[in-house]
Structure formats: structure tokens, C-alpha cells
Amino acid sequence: MQRTYDHVLDWTFSHPWLTISGGIGVILLSCLILPTLKIRLFPYADRDQFAVEIFLPDGKGMAETTVVADSVRHVLQNDERITGITSFIGCSSPRFMDAYAPQMAGKNYAQFIVNTESDKATLDLLAQYQPLLSEAFPNAYVKFKRLDYLEVNELEYRFYGDNLDSLHTVAERLMERMRQMPELEWVHTDYLQPYPIINVELDPVKSAQLGITRTTAALALSATSSDLRVGQIWERSSLGADDYELPIVVRDNSDMTYSDIENLGINSPFTFSPLPVPLRQIAKVSPQWSESRILHRGGERCITVTAQFAQGVYTSPVEQRIAEIMQEEIDIPQGVRCEVGGEIEYGDEALPQIFWGIVIAMIIVFFFLLFNFKKYGITLVCMAALGLMIPGALIGLGLMDRALGLTSIFGLITLMGMIMRNEILIFEHANNLIKSEESFTLHSSLVKQAAYDAGKRRMVPIFLTTATTAVGVVPMIIAQSSFWMPVGVTIFAGGIGSLIMVVTMLPVVYWKVSTK
């Protein structure tokens, strides 16, 4: 191996500028791999579990929810790969994983925690049952959720404004286009379905003549059309604790129609007739649709369009397409503004902190190197040489089909330390050789010989330290963990790639920089 490296080193010193330009070209060409990589900030969790969440429209009762939940459970429990199913109908599960937040309980909601025989079985089951059961029921959506470490929704688009009609209009336009994209599933908003109400508007003249105010009308309508509390009784605790109150309520189970409400009678204090006044004579009664809830974010009305990715789909290409749709096809009404949330917003908040932490560390390292080498040229080369890790790391992630995310960034930080150590070994040895000569002038031939000898003598220790580090992360790669495998792939492939470029390029770079 040493003999082969000596031949390679001879060639690089015979063609120095070709070596340097070739290395820079390899780094630039490897950057073309970046757009093809999967990008996801936080990895999925490798667990023999997944969650099933069943959503019915607002207003549906426990009976309908139970029917859908039992049907889904019947299909799943017949699969031999599933070892257990825990059901929560009308309620939500406990938070059995840090990054998993169950939905709020409701009569129109059910949840399963499904245990499987292995991590691989989990992926196979999700791929099989998600397209089969997600929209199998006309009045329900069955969501199959793979557990991951991302605490927010994968895709969110928020619209702010005061006019609810404008918010609904732009949200519906976006959802219509997103539902045409096969990469997305369960495109919806966080607003519930509107429900019908009866709006009663009192005639100011007629109601005043009869002495009927909004308060008396509201009390009369409440007494005749809803549950009525008529009293309470007090019970004494058998354990000696304080008394507690039991309300007495008259339940109203009548099914009233629109005409029944118009004909409801309201007693007037100004009339001596025992017959009440029909509501339609003193008020305008009209049906209307009302929002089930109006959400605010930061004090502003906000409607959020949410979607989840189909299995195997990642954020970057889909987000770019939706951004083009928002810019070219959807007209944002006046008074409405839009912002992107979900995984994209989460990454925009987390990555700058990591980036600036690395920048501060690099500044400190720069001054340490400058103090040691006492030359700006060599110090800047040391910092720029960190780019030698890019080709190997990107090629490794691409070949192993791993996502570029937070865990792979940990691997890149490790590579930065490995490269810094290797280049210090070469440059420090070359400096010591130059200092050992008793010449007062720095000849180009002396620098060249020192750089050549530094590369030749330091190749074996650099190779051994890098190779042992790369072999040490092989168990991470073999385990194929979605959390640790990107770290292992980045260190292994990036370490081998940077090893080749360090021992071939840096001696030549040192020679050219030191003779300037």
C-alpha cells in the first residue's frame, strides 16, 4: 500500500495544479447529488408499534365511531404479524412516546396502538393497510401513523386574516390542488364542519311594545328548547368529607323543527292574556350556518391546511411544488397572509442554532491553528480543507438511500474533527522538517521536499486512525437503524473519501501555499 501511495504522490507533485483543480472539481460535482437526497430533519422511530387514528365528522356519536373502529380492528387482528391491539374509543391513549401527542378525546374519535412482531413488519403493515383502509368508510378517515421523532405535523400552511370567508376560500383552493398530488394524504383544515343554527333577531318596535327584551327572550327559548336545571340536592360523603351537590336537570329530548321554533310562545308582562306570543310575531327567525370553532394564533384568526405524506415521500420536492402552486395558481385575497409551518418551520428554527454553534466552534479552532502555525495561509487551508468530507458523505448517503437530517449532521461534525486532525499531522510534520534546516532562505525546493516527505511519512498513521474510526461505525450501518445509520454512513463514507483527498491534495496544497 505504501509503494502504491508513493507512486500516486509522485504523480500529484508532478501535476500540482491538475491535482488541486481535480479535487475542487470532485467537490463541486458531488454537490449535484444534494438535490437527489432525501431530506428529513428528524428520523422515523424504529419500533414494533404503530398508531391508528379514526376520525369521524363532528357531531357523530359513539355508536357510529364504534362500528368503524370494530371493522378496522377485525381486519387488523386477523393478520398474523400483529401481536396485540389496544383500543381507545371515544378517548385518547396515554402518551406512550415522547414525540407522539395523542388527539383530544371525542365521541367521533377512536385510536388503536398496534404491536407487531418486528420493525420490518411495521413497515409492511403500513404499506399494506394505509391505502386499503384509509378511505374505506364513507364518513370516516382511518389514519395509519408511523411513529417518529418529529413533534409537529409534516406539512402545514397557515392563512391569517379577519374575514373568515376569505380564509376559507384560499384554504379550499389550496386543498383542491393538494388533493390532486398522489404524494399527499388526508388533506384537511383544523376547522370543524360548520353546523346549522337558528338566528333570532327581535323586532325593536314590537318587542319593546310587549316588554320583551333579548334577555327574557333568551331565557324563554332556553327553557323550552334545552335542558333545564330546576334545583339541586346535597349528599353527605360517607367518609366524612364535605357535602357535594347533585344538580336536578329536566332533560329535553324533543326533536324540534324550524317551524316549531318559529311558533314557540313567549310570555309578555304587558298583556293580560294567558296565551304566550308566538316568536315569529316579534322576531325574524332565519336558519344560518355557523363555525364550530374559530382558531386564533398570535391573536389573529388563522386557518391551517394540514396534510401527511404517503409512505416513502419526503418534504423537499413536495414543498417546492406547493410553493410554485401558491405563487402561480392561488390568488391570496386582500387582507390575508400566508406562512409555512410544520416540518419546514421546525427545521428553520432548529438548524440556525446548530449552524451558528458550528460557526463559533470554527472561529475558536481558527485562532488555535493560527497560534500554532503562525501563518494565515496554512490556517485558512486547514479551514477550507473541511470541504473534503463532502464528496464521500453525499455519495454514501445517496448509495445507501439514507436521509440527510439531524443525525447525519452529527456525522459531519465528527468528520470535521477527523479531517482537522489529519491535516494537522501533515502540516506539523512539514513545518518541523523546514525548521530543522539551517537555511535562512525558504527555497521552493525545500518546501516541496518537506511537503512530499510529510505526505509520505504521515500516510500510514492517517490511514490507520481513519480506517479504525470508519470500521468502528460499521455496526451502526449493519443495524440499519433510521436514527443511527445516517451517522454511520456519513462517518464511514465521508471518512474514506476524505482520507483519499487529504493524503493526495493537502501535501501539494501546502507546497503551493507555503511558497507564496
Side-chain angles (χ1 to χ4, degrees), residues 30-31 33-50 97-100 118-120 122-123 126 145-155 308-309 311-319 342-362 386-420 466 468-498:
S30 64
C31 292
I33 303 175
L34 189 60
T36 66
L37 293 179
K38 300 175 181 177
I39 299 176
R40 195 175 199 271
L41 185 60
F42 287 91
Y44 288 105
D46 295 316
R47 299 185 62 156
D48 55 352
Q49 284 180 323
F50 65 90
M97 181 183 173
D98 291 341
Y100 177 71
S118 66
D119 300 342
K120 184 179 182 303
T122 298
L123 297 179
L126 290 171
K145 181 173 179 59
R146 181 183 178 185
L147 303 178
D148 62 19
Y149 296 103
L150 185 65
E151 298 181 350
V152 297
N153 292 321
E154 293 176 319
L155 203 62
Q308 70 176 18
F309 294 117
Q311 189 173 4
V313 177
Y314 290 82
T315 305
S316 182
V318 177
E319 190 274 334
E343 182 180 353
I344 300 170
E345 180 186 49
Y346 198 71
D348 291 341
E349 293 175 354
L351 290 179
Q353 301 177 20
I354 300 174
F355 173 77
W356 287 112
I358 295 175
V359 169
I360 294 173
M362 289 298 99
L386 296 177
L388 299 179
M389 66 183 174
I390 294 176
L394 295 183
I395 292 173
L397 291 173
L399 291 178
M400 300 302 293
D401 196 26
R402 295 290 104 180
L404 178 62
L406 186 62
T407 54
S408 56
I409 292 176
F410 295 157
L412 293 176
I413 295 174
T414 304
L415 283 177
M416 292 167 64
M418 293 171 56
I419 294 174
M420 194 68 69
T466 304
T468 51
T469 303
V471 173
V473 298
V474 168
M476 293 184 181
I477 301 175
I478 296 176
Q480 295 189 349
S481 166
S482 61
F483 191 93
W484 293 113
M485 188 175 178
V487 181
V489 169
T490 304
I491 295 176
F492 183 87
I496 299 301
S498 64

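These numbers were taken from a predicted model, which means no experiment stands behind them.
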| request: Taking Thr122 for its side chain and Arg146 for its backbone only, find out whether a donor-acceptor pair lies under 3.5 Å. | output: no
| query | Distance-only, no hydrogens or angles: does the Asn153 side chain make a donor-acceptor pair with backbone N or O of Gly342 under 3.5 Å? | reply | no
When rounded to the nearest 0.5 angstrom, what distance separates [atom1] in [X] from [atom2] in [Y]?
X	Y	atom1	atom2	answer
Arg40	Phe309	CZ	CZ	8.5 Å
Ile419	Met389	CD1	CE	6.0 Å
Leu415	Ile413	CG	CD1	10.0 Å
Leu388	Ser498	CG	OG	7.0 Å
Asp119	Arg47	CG	CZ	10.0 Å
Met418	Thr469	CE	OG1	4.5 Å

If you compare all heavy atoms of [X] against all heavy atoms of [Y], which two are closest, and at what distance to 0.1 Å?
X	Y	result
Cys31	Ile390	SG-CG2, 4.3 Å
Leu397	Pro486	CD2-O, 4.2 Å
Met485	Gln480	SD-CA, 3.5 Å
Ala393	Leu412	CB-CD2, 3.8 Å
Ala493	Gly392	CB-O, 3.2 Å
Leu41	Gly347	CD2-CA, 3.5 Å

I'd like to check [X] versus [Y] (side-chain heavy atoms, cut-off strictly below 4.5 Å). Are they in contact?
X	Y	value
Gln49	Met97	no
Met416	Met362	yes
Val487	Thr414	no
Leu399	Val489	no

| query | Can you check side-chain contact (heavy atoms from CB on, under 4.5 Å) on Val473 and Thr490, steps first, answer last? | reply | CA-CA 10 Å; Val473 298; Thr490 304; over 6 Å; no
| task | With side-chain contact (heavy atoms from CB on, under 4.5 Å) as the test, would you mind laying out the steps for Leu123 and Lys120 before giving the verdict? | result | CA-CA 5 Å; Leu123 297 179; Lys120 184 179 182 303; 5.7 Å; no
| message | Run the ring-ring contact (aromatic ring centres under 6.0 Å, His included) test against Tyr314 and tell me which residues pass, sequence neighbours left out. | response | none
| task | Only counting residues at least two apart or in another chain, list the ones meeting ring-ring contact (aromatic ring centres under 6.0 Å, His included) with Tyr346. | result | Phe42
| Which salt bridge (charged side-chain N to carboxylate O under 4.0 Å, His left out) pairs, counting each pair once, include a residue from residues 468-491, with sequence neighbours left out? | none
